[in-house]
J.: 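Mind having a look at this structure? Questions to follow.
In what follows, chains are A, B, ... by sequence order, proteins preceding strands, each numbered from 1. Note: hydrogens, waters and symmetry copies are ignored here, and every other heavy atom, side chains too, is used.
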Amino acid sequence: MPRLSRSFYLRPTLQVARDLLGNFIVCRHRGQRFVGKIVEAEAYREGDPASHTYRGKTKRNEVMYRRGGHLYVYFTYGMHFCANVVTRREGIGEAVLIRAVEPIEGIRRMMKNRGFTADVCPPEADQPPSKMRGKKTRRGDEKSVSWRKGDWVNLTNGPAKFCEAFGLSRQHNGIDLLGNRVYLLNGENIPKSKIGRSTRVGVTNGREKRWRFFMRGNDWVSR
DNA sequence: TGGACGATCCCCT
DNA sequence: GGGGATCGTCCAT
């Protein structure tokens, strides 16, 4: 499968957000490979009050101003990371938040990273246990887990869940997506009829903008 | 130097 | 449907 080219990321951000759907994100570190199909994404643009770049360039958002095709990972709510694909040419602070992926490869390790026991994962490891679901439960201060039928979409159906499953954090901020650590592969072409569009999640300023794109009917879409 | 708040998630009611 | 966890960032003092 060919890698997405630099020119893919340099295009208008709304187009990139929509076209990311159906492509694969690959993360490699320490001999482990994670692969997921992108099923939900949101655009953040200049002049957009919901964007980190709304008030100009800072130390935190500097990566968003780089040339398209870099990874912008930020820390939020004191405990979560979210990952974005930087778009457009250098000097323009725009990006696309990856909100959800469908897990493809590295599933056992994703479960571990998310705090679920892997007991229920089938021995072939990277076959999705499609009938399963996971639920975290609390016992005193100890986090323990149990699995329930029908809930395993919790692995990657949100931007911070995706980052936790794939082990993405601060150290991945600024990575060039045309390198070998994190990159995107050309996947299926999604017909327009299968792409949904809506307002963005968790946004107050700029809430009217319909800059969220998702694959209709996909189980890993966040809502 | 302080304080408000956030592109979230999880648990409880 | 609501609140708590938890801390980096940014802006106002």
Side-chain angles (χ1 to χ4, degrees), chain A residues 13-14 16-18 20-21 25 36 38-65 70-88 92-101 103 110-117 133-148 150-174 196-214 219-223:
Chain A
T13 304
L14 290 181
V16 175
R18 190 189 56 220
L20 277 176
L21 301 181
I25 181 164
I38 299 172
V39 299
E40 181 180 348
E42 282 177 357
Y44 289 85
R45 302 174 67 191
E46 291 214 330
D48 165 15
S51 174
H52 288 173
T53 57
Y54 186 55
R55 291 185 170 80
K57 194 173 185 175
T58 66
K59 193 173 173 183
R60 180 204 202 191
N61 65 27
E62 163 269 319
V63 172
M64 281 183 74
Y65 289 87
H70 287 81
L71 192 71
Y72 170 51
V73 182
Y74 69 88
F75 182 67
T76 190
Y77 290 105
M79 62 184 82
H80 296 302
F81 292 97
C82 295
N84 300 249
V85 168
V86 173
T87 60
R88 307 203 60 189
I92 298 182
E94 303 196 354
V96 176
L97 171 69
I98 298 176
R99 281 199 57 87
V101 307
M110 290 183 204
M111 292 172 68
K112 193 174 175 189
N113 287 350
R114 290 274 294 126
F116 293 111
T117 57
R133 282 222 236 185
K135 186 178 192 318
K136 285 185 177 178
T137 57
R138 239 170 230 298
R139 195 184 295 148
D141 244 349
E142 288 271 312
K143 194 197 276 184
S144 64
V145 293
S146 63
W147 282 85
R148 283 201 202 155
D151 209 31
W152 88 290
V153 293
N154 279 322
L155 223 43
T156 53
N157 65 345
K161 295 180 192 179
F162 155 65
C163 281
E164 190 176 33
F166 277 59
L168 289 170
S169 67
R170 206 179 318 276
Q171 65 186 117
H172 303 277
N173 187 36
R197 182 173 180 169
S198 77
T199 57
R200 294 171 293 181
V201 177
V203 165
T204 50
N205 295 325
R207 80 190 62 138
E208 75 287 349
K209 294 175 175 19
R210 297 173 64 245
W211 290 354
R212 169 174 176 256
F213 299 88
F214 57 93
D219 287 343
W220 285 268
V221 171
S222 68
R223 31 167 83 176

J.: Need one value for Thr204(A): base, sugar-phosphate or nothing, where a base atom within 4.0 Å counts as base even if backbone is also close, heavy atoms only.
T.: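 No contact at all - Thr204(A) keeps every heavy atom at 4.0 Å or more from the nucleic acid.
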J.: Which nucleotide wins on minimum distance to the side chain of Val201(A), given the candidates dA7(B), dC7(C), dT8(B)?
T.: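 The listed nucleotide nearest to Val201(A)'s side chain is dT8(B).
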J.: Between dC10(C), dT6(C), dA7(B), spot the one nearest the side chain of Met79(A), thanks.
T.: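 Nucleotide nearest to Met79(A)'s side chain: dT6(C).
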J.: Rounded to the nearest Å, what distance is computed from the CG atom of residue Leu168(A) to the C1' atom of nucleotide dT8(B)?
T.: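 In whole Å, dT8(B) C1' lies 16 Å from Leu168(A) CG.
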J.: Within the 4.5 Å heavy-atom criterion, are Tyr65(A) and His70(A) side-chain neighbours or not?
T.: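 Not in contact.
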J.: When you measure only distances, ignoring hydrogens and angles, does the side chain of Tyr77(A) come within 3.5 Å of the base of dA5(C) through a donor and an acceptor?
T.: no
J.: For DNA chain C, find the residues of residues 41-57 of chain A with a heavy-atom distance under 4.0 Å and give them by number; none if there aren't any.
T.: Arg55(A)
J.: For Leu97(A) and dG6(B), what is the distance between atoms CG and C1' respectively, to the nearest whole Å?
T.: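 So the two atoms are 13 Å apart, to the nearest Å.
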J.: Can a salt bridge be assigned to the pair Arg200(A) and Glu42(A) using a cut-off of 4.0 Å between side-chain N and carboxylate O?
T.: no
J.: For the pair made of NE2 in His80(A) and C1' in dA7(B), what is the distance, rounded to whole Å?
T.: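 In whole Å, dA7(B) C1' lies 12 Å from His80(A) NE2.
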J.: Has the side chain of Arg45(A) got a donor or acceptor atom that lies under 3.5 Å from a matching backbone atom of Leu14(A)?
T.: no
J.: Using heavy-atom distances to pick each residue's nearest nucleotide on DNA chain B, tell me which of Gly78(A) and Ala160(A) is more 5'.
T.: Gly78(A)
J.: Heavy atoms only, 4.0 Å cut-off, all strands: where does Lys59(A) land among base, sugar-phosphate and nothing?
T.: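 Nothing: the residue Lys59(A), judged by heavy atoms under 4.0 Å, touches no strand.
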J.: Could you check whether any side-chain heavy atom of Thr13(A) comes within less than 4.5 Å of a side-chain heavy atom of Tyr44(A), counting everything from C-beta outward?
T.: no
J.: dC10(C) C1' sits how many Å from Glu62(A) CD, rounded?
T.: 17 Å
J.: How many whole angstroms separate atom CZ of Phe81(A) from atom P of dG6(B)?
T.: 19 Å
J.: Aromatic rings Phe75(A) and Phe81(A): how do their planes relate, parallel, tilted or perpendicular, breaks at 30° and 60°?
T.: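 The arrangement is tilted - the two ring planes meet at 30° to 60°.
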J.: So do Asn84(A) and Val96(A) actually touch side chain to side chain, heavy atoms under 4.5 Å?
T.: no
J.: Asn154(A) CG to dC9(B) P: how many Å, rounded?
T.: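 After rounding, the reported distance stands at 10 Å.
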J.: Taking the side chain as everything from C-beta on, heavy atoms only, tell me whether Tyr54(A) gets closer than 4.5 Å to Asn205(A).
T.: no
J.: What integer distance in Å separates Tyr74(A):OH from dC10(C):P?
T.: 13 Å
J.: Write down the distance between CD (Glu40(A)) and P (dT8(B)), rounded to a whole number of angstrom.
T.: 10 Å
J.: If you only use heavy atoms from C-beta on, which nucleotide in dA7(B), dT8(B), dC10(B) is closest to the side chain of Met64(A)?
T.: dA7(B)
J.: Between dC7(C), dA7(B), dC10(C), which nucleotide has the shortest distance from any of its atoms to the side chain of Phe75(A)?
T.: dC7(C)
J.: Give a yes/no on whether any side-chain N or O of Arg99(A) is located under 4.0 angstrom from OP1 or OP2 of dT8(B).
T.: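 Checking Arg99(A) against dT8(B): at least one side-chain N or O falls below 4.0 Å of OP1 or OP2.
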J.: If we check salt bridge (Lys or Arg N to Asp or Glu O under 4.0 Å) with Glu40(A), which of these qualifies: Arg223(A), Arg99(A), Arg197(A)?
T.: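 For Glu40(A), the salt bridge (Lys or Arg N to Asp or Glu O under 4.0 Å) check succeeds only for Arg99(A).
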J.: Are the side chains of Asn154(A) and Lys161(A) in touch, meaning some heavy atoms are under 4.5 Å apart?
T.: yes
J.: For Arg200(A), answer base if it contacts any base atom (sugar-phosphate contacts may also be present), sugar-phosphate if it contacts only those atoms, and nothing otherwise; contact means non-hydrogen atoms under 4.0 Å.
T.: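 Nothing, no nucleic acid heavy atom in range.
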J.: Respond yes when some side-chain nitrogen or oxygen of Arg114(A) is under 4.0 Å from OP1 or OP2 of dC10(B), and no when none is.
T.: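 Indeed, a polar side-chain atom of Arg114(A) lies that close.
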J.: Would you say Thr76(A) reaches dG8(C)'s phosphate, i.e. side-chain N/O to OP1/OP2 under 4.0 Å?
T.: no
J.: Taking Watson-Crick and G-U wobble pairs with both distances under 3.5 Å, convert DNA chain C into its dot-bracket string, 5' to 3', dots for unpaired and | for cross-strand pairs.
T.: |||||.||||||.
J.: For Arg212(A) and Ser198(A), test the side chains for any donor-to-acceptor distance below 3.5 angstrom and give the result as yes or no.
T.: yes
